[in-house]
Amino acid sequence: MTIFEALRKDHDIQRDLLARLVETHGNSDERDSIYQQVRSELQYHAAAEERALYIPMMSLDLTQEKARHSVAEHHEIDELLELLDDIDYSATHWLTHAKQLQELVTHHLDEEEQEVFQLAGRGLQDNQKTSLANEYQEEMQRQRSA
């Protein structure tokens, strides 16, 4: 498995969770449960992805700018999560911000899959693509079980 396949698998999990999140209503256990999963997945993924993909990309002229842009988007996602954390689930604007989160994350994932991965694919060595996948998966397992 390459780093790109490993990341895509988790991107699909995020898309699914976000789609389920925006279907939830009010101050419900379901909304809380799915939001906590979304929050954890996004944070673990960003940390692991930065280590396994973006740090190696930063060292290549070809991919440095793309990597910086993606890391900046991770920070935007974090800021939106912090905003959601501070709003009561029953507030009408909670869902508005959850939908913004879904749009932002979806844009970010699409951009990674359509642009970043292609560029990184040209810059990284084949053996690196496999070893980085292992590094990413180990980091995700470590964070999920912490």
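A quick note: this is a predicted structure, and the numbers were derived from the prediction, not measured.
Side-chain N or O atoms of Ser131 include one that pairs as donor or acceptor with a backbone N or O of Gln128 at under 3.5 Å. In this structure a side-chain-to-backbone donor-acceptor pair under 3.5 Å is present from Ser59 to Pro56. Between the Thr106 side chain and the Gln102 main chain, a donor and an acceptor come within less than 3.5 Å of each other. Under a 3.5 Å cut-off, the side chain of Ser40 and the backbone N or O of Gln37 do not form any donor-acceptor pair. Side chain of Arg68 to main chain of Met58: no donor-acceptor pair is present (N/O by atom type, distance under 3.5 Å, no hydrogens or angles). Although no hydrogens or angles enter the test, the distance criterion places no donor-acceptor pair under 3.5 Å between the side chain of Lys66 and the main chain of Glu115. A distance-only check finds no donor-acceptor pair linking the side chain of His93 to the backbone of Ala91 [under 3.5 Å].
Note: Thr2 OG1 to Leu124 CG = 10.0 Å, rounded to the nearest 0.5 Å. Rounded to the nearest 0.5 Å, atoms OG (Ser70) and CE (Met57) are 6.5 Å apart. Interatomic distance, CG of Asp86 versus CG of Asp88, reported as 11.0 Å (0.5 Å rounding). The distance from atom CG of Leu81 to atom CZ of Arg39, rounded to the nearest 0.5 Å, is 6.0 Å. With values rounded to the nearest 0.5 angstrom, Ile87 atom CD1 is found 8.5 Å from Thr96 atom OG1. In this structure, the separation between CD1 on Ile77 and CD on Glu82 is 12.5 Å, given to the nearest 0.5 Å.
Tyr136 and Asp10 share a donor-acceptor pair across their side chains, judged by distance under 3.5 Å alone. Judged purely by distance below 3.5 Å, without hydrogens or angles, the side chains of His74 and His108 pair a donor atom with an acceptor atom. Side-chain contact annotation: Arg122 with Gln118, donor-acceptor N/O pair under 3.5 Å absent. For the 3.5 Å distance criterion, the side chains of Gln100 and His97 qualify, holding a donor opposite an acceptor. Remark: the Glu103 side chain and the His107 side chain contain no N/O donor-acceptor pair separated by less than 3.5 Å. With 3.5 Å as the limit, one finds no donor-acceptor pair spanning the side chains of His45 and Gln143.
Using a 4.0 Å cut-off between charged side-chain N and carboxylate O, Lys9 and Glu41 make no salt bridge. The pair Arg142-Glu139 meets the salt-bridge criterion, since a charged nitrogen lies less than 4.0 angstrom from a carboxylate oxygen. One finds a salt bridge joining Arg15 and Asp110 here, because a Lys/Arg side-chain nitrogen approaches an Asp/Glu carboxylate oxygen to under 4.0 Å.
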His25 vs Tyr89, ring pair (Phe, Tyr, Trp, His ring centres under 6.0 Å): CA-CA, chis, key distance, verdict: CA-CA 8 Å; His25 303 283; Tyr89 287 139; over 10 Å; no
His69 and Glu73: CA distance, side-chain angles, deciding distance, side chain to side chain donor-acceptor pair (under 3.5 Å) verdict: CA-CA 6 Å; His69 173 76; Glu73 286 188 347; 3.1 Å; yes
Evaluation steps, side chain to side chain contact (heavy atoms under 4.5 Å, CB included), between Glu49 and Met140: CA-CA 9 Å; Glu49 184 176 62; Met140 283 299 285; over 6 Å; no
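Around atom CD of Gln36, more than 12 heavy atoms belonging to other residues, nucleotides or ligands sit under 6.0 Å away. Open room surrounds CG on Asp29; 12 or fewer heavy atoms of other groups in view lie less than 6.0 Å from it. More than 12 heavy atoms of other residues, nucleotides or ligands lie within 6.0 Å of CD in Glu5, so this atom counts as buried by the packing criterion.
Nearest heavy-atom pair across Val38 and Leu101 is CG1-CD2, 4.1 Å. The two residues Gly26 and Arg31 have their closest heavy-atom pair at O-CD, 3.2 Å. Summarising the geometry of Val22 relative to Leu95, their closest heavy-atom pair is O-CD1, 3.6 Å, with the distance given to 0.1 Å. Here the closest non-hydrogen pair linking Asp85 and Tyr35 is OD1-OH, 2.6 Å. What you find for Ala52 and Glu135 is that their closest heavy atoms are CA-OE2, 4.0 Å. When all heavy atoms of Leu7 and Leu53 are compared, the pair lying nearest together is CD1-CD2, 3.7 Å.
In the hydrophobic clustering of this structure, Leu60 groups with Val116; members are Ile, Leu, Val, Met, Phe, Trp, Tyr whose side-chain heavy atoms approach within less than 4.5 Å, directly or through other members. The cluster map of Ile, Leu, Val, Met, Phe, Trp and Tyr, joined by side-chain heavy atoms under 4.5 Å apart, puts Tyr44 and Val105 in different clusters. Residues Trp94 and Leu83 are members of one and the same hydrophobic cluster, defined by side-chain heavy-atom contacts under 4.5 angstrom among Ile, Leu, Val, Met, Phe, Trp and Tyr. Val71 and Leu104 are members of different hydrophobic clusters when ILVMFWY side chains are connected at heavy-atom separations under 4.5 Å. Both Leu109 and Ile34 are assigned to one and the same hydrophobic cluster, defined by single-linkage of ILVMFWY side chains at heavy-atom distances under 4.5 Å.
In this structure Arg20 satisfies the side-chain hydrogen bond (donor to acceptor under 3.5 Å, both in side chains) test with no other residue, sequence neighbours excluded. With sequence neighbours left out, the ring-ring contact (aromatic ring centres under 6.0 Å, His included) criterion links Phe4 to Phe117.
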